[in-house]
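First listed ligand is number 1; within each ligand, the first listed atom is number 1.
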Amino acid sequence: MTMKRKVAILGATGAVGQRFIQLLQDHPWFQIEVLAASERSAGKKYRDACPWLMETELPKKIADMPVVNADVASVEQAGAVDLVFSSLPGDLAFPVEEQFGALYPVFSKASAHRMDKDVPLIIPEINPDHINMVKVQQNLRGWKGFITTDPNCSTIQLAITLKPLMQFGLKQVMVSTMQALSGAGYPGVASLDIIDNVIPFISGEEEKMETEALKILGKYNSGNVQNADFQLSASCNRVNVTDGHLESVFVKLEQNPTMEEIEEAFIKFQGEPQRLKLPSAPVNPIVVRHEKNRPQPRFDRDIGNGMSVIVGRIRKDPIMTFKYMCLGHNTLRGAAGGGILSAELYVSKGMA
Ligand code: NAP
């Protein structure tokens, strides 16, 4: 990679935007050029626009950068960019990402375009061939750029663990989530709602999990995705944890592999990012822990720089074939880290 790509971050002041900034520091291929957010932040220096919530220091260069409005004219006035990362709220992302997509490659963390027929929904380890759908999109829409999306945070970690199970014939999956507070953005859930409590409802989350996983694990054929053919039922809960979603998963398979064979399938799973050695790729997409009380969000979410999915408690189930727990860092693998890994895939294929 000779020249670094200059990037704009839309939604740069939010929970995901801050992770983008943190992860793009010293990135070998990308360099932050423009920071955009709402008109509440526009015109301010980044340091004054939002409280910095990351564990690492806010870099001085970023702190002094101006925040601009998230529209094409304002971003272009602030700097020349090659590609765009979007972590805008879902409803707003729909028109704004289309504005940018007409001109630039847009890597979106928002839900707005995920299920569009001509928009890829990517997890680089699972469906790297789906990126070719942007060519169909460019033809259909007459765009120079494109929109490509990543799944919802709770879907990403689940889908990564389901992919190696497909060799055994996936029939039915039931999942119950325990989702972290940062998944609701900043300031997110009110403290008086969540302290000493669990909230058994996250708006739209179950529907996203039940549809997105089938598209990601589906087959790409002549411009279309044929959804994967298994049933998925999700039940989503918000818990009092800062980062890291924990999921309890029950799976019915066509075959009857041993627990050792299932564990081996998880451990051996590798994808295109590992083969290409993309900068943000974890060495192991799935890490299996054997302690009877792991994975736990506080202890395990940062394994593989927060890009690995941690599996534990693989065991037989009296109703389904087997069950397990999985944990993923929702703002790293589930959001900004996943978005950057997708962008690395497109760049490595000469498509961005
Ligand atoms: P957040 O903390 O609420 O941040 C929202 C960002 O969007 C802020 O930068 C905000 O700017 C900006 N924004 C809000 N209204 C705007 C407007 N009218 N015009 C332009 N910018 C506006 O939310 P988040 O958690 O980072 O989530 C961002 C997106 O990523 C959402 O679509 C979410 O569903 C998705 N996502 C989140 C996670 C996660 O774990 N949090 C994971 C996967 C996907 P101001 O500061 O100026 O208001």
(message) Measuring from non-hydrogen atoms of Asn152 to any atom of ligand 1, is the shortest distance under 4.0 Å?
(response) no
(message) I want to confirm something. Looking only at heavy atoms, which of Glu205, Lys109, Lys208, Arg333 is nearest to atom 36 (N) of ligand 1?
(response) Lys109
(request) Taking only heavy atoms of Ala335 into account, list the atoms of ligand 1 that are under 4.0 Å away from them. (result) 42 (C), 43 (C)
(request) Taking atom types as modelled, find out whether Glu55 and Gln22 have a side-chain donor-acceptor pair closer than 3.5 angstrom. (result) yes
(request) Report the nearest protein non-hydrogen atom to atom 13 (N) of ligand 1: residue, atom name, distance rounded to 0.1 Å. (result) Pro89 CD, 3.8 Å
(request) Among all protein heavy atoms, pick out the one at the shortest distance from atom 40 (O) of ligand 1; state its residue, atom name and that distance to 0.1 Å. (result) Asn330 ND2, 3.1 Å
(message) Does atom CG (Asp229) have a neighbourhood of more than 12 heavy atoms from anything else shown, all under 6.0 Å?
(response) no
(request) Identify, by atom number and element, the atoms of ligand 1 in contact range of Ala110, meaning under 4.0 Å from any of its heavy atoms. (result) 32 (O)
(request) List the closest protein heavy-atom neighbour of atom 25 (O) of ligand 1: residue, atom name, distance to the nearest 0.1 Å. (result) Gly185 CA, 3.0 Å
(message) Using heavy-atom distances only, which candidate in Leu10, Leu53, Asp91, Val16 approaches atom 24 (P) of ligand 1 most closely?
(response) Val16
(request) State the atoms of ligand 1, each with its element, that fall below the 4.0 Å cut-off from a heavy-atom position in Gly90. (result) 32 (O)
(request) Taking only Lys NZ, Arg NE, NH1 and NH2, and the carboxylate oxygens of Asp or Glu, determine whether Glu247 and Arg313 approach each other closer than 4.0 Å. (result) no
(message) Using a 6.0 Å cut-off, check whether atom NZ of Lys323 has over 12 heavy atoms from anything other than its own residue.
(response) yes
(request) Number the atoms of ligand 1 from 1 as they appear, then name those within less than 4.0 Å of a heavy atom of Ala12, with their elements. (result) 9 (O)
(message) Among all the protein's non-hydrogen atoms, which is closest to atom 3 (O) of ligand 1, and how far away is it?
(response) Tyr186 O, 3.7 Å
(message) So for ligand 1, is Glu39 a polar contact partner (N or O within less than 3.5 Å, distance only)?
(response) no
(message) When you compare the side chains of Thr148 and Tyr346, does any donor N or O come within less than 3.5 Å of an acceptor on the partner?
(response) yes
(message) Side-chain heavy atoms nearer than 4.5 Å, only ILVMFWY residues, links allowed to pass through others: does that put Met115 and Leu214 together?
(response) yes
(request) Inspect the contact between Asp150 and Arg333 and indicate whether a charged nitrogen and a carboxylate oxygen are less than 4.0 angstrom apart. (result) no
(request) May I have all residue pairs that pass side chain to side chain donor-acceptor pair (under 3.5 Å) and include part of residues 59-72, sequence neighbours excluded? (result) Arg47-Asp64, Lys60-Asp64, Asp71-Ser74
(message) Please work out, at 4.0 Å between heavy atoms, whether the side chain, the backbone, both, or neither of Leu92 comes within that distance of ligand 1.
(response) side chain
(message) At less than 4.0 angstrom from any non-hydrogen atom of Thr13, what atoms of ligand 1 do you find?
(response) 8 (C), 9 (O), 10 (C), 11 (O), 45 (P), 46 (O), 47 (O)
(request) Heavy-atom distances under 4.0 Å are what count here, so tell me which part of Ser182 touches ligand 1: side chain, backbone, both or neither. (result) backbone
(request) Without swapping roles, check the side chain of Gln25 against the backbone of Ile21 for a donor-acceptor pair under 3.5 Å. (result) yes
(message) Looking only at distances, can you tell me whether any N or O atom of Ser111, backbone or side chain, sits closer than 3.5 Å to an N or O atom of ligand 1?
(response) no
(request) Give a yes or no on whether the backbone of Gly334 and the side-chain of Gln157 come within a donor-acceptor separation of less than 3.5 Å. (result) no
(request) Output the distance between atom CG (Asn152) and atom OG (Ser111), rounded to the nearest 0.5 Å. (result) 8.0 Å
(request) Go through ligand 1 atom by atom and flag the ones less than 4.0 Å from a non-hydrogen atom of Arg40. (result) 14 (C), 15 (N), 48 (O)
(message) Closer than 4.0 Å and a protein heavy atom, does any atom meet both conditions relative to atom 33 (C) of ligand 1?
(response) no
Compile the donor-acceptor pairs under 3.5 Å between side chains in residues 162-170 and protein atoms, sequence neighbours left out, one pair per line.
{"unit_1": "Gln167", "atom_1": "NE2", "unit_2": "Pro164", "atom_2": "O", "d": "2.8"}

(request) Any atoms of ligand 1 less than 4.0 Å from a non-hydrogen atom of Ser41? List them with their elements. (result) 45 (P), 46 (O), 47 (O)
(message) What's the separation between atom OG in Ser191 and atom CG in Leu181, rounded to the nearest 0.5 Å?
(response) 10.0 Å
(message) As a check for students: among Cys50, Gly17, Ser87, identify the option with a heavy atom nearest to atom 28 (C) of ligand 1.
(response) Ser87
(message) I need the nearest protein heavy-atom contact for atom 29 (C) of ligand 1: residue, atom name and distance, please.
(response) Leu88 O, 3.3 Å
(message) Considering non-hydrogen atoms of the protein only, which is the closest contact for atom 22 (C) of ligand 1, and what is the distance?
(response) Ser38 CB, 3.5 Å
(request) Just need the protein heavy atom nearest to atom 4 (O) of ligand 1, so name the residue and atom and give the distance. (result) Gly14 CA, 3.2 Å
(message) Which of the numbered atoms in ligand 1 are under 4.0 angstrom from any heavy atom belonging to Gly334?
(response) 42 (C), 43 (C)
(request) Rounded to the nearest 0.5 Å, what's the gap from CG on Leu192 to CD1 on Ile194? Could you check? (result) 11.5 Å
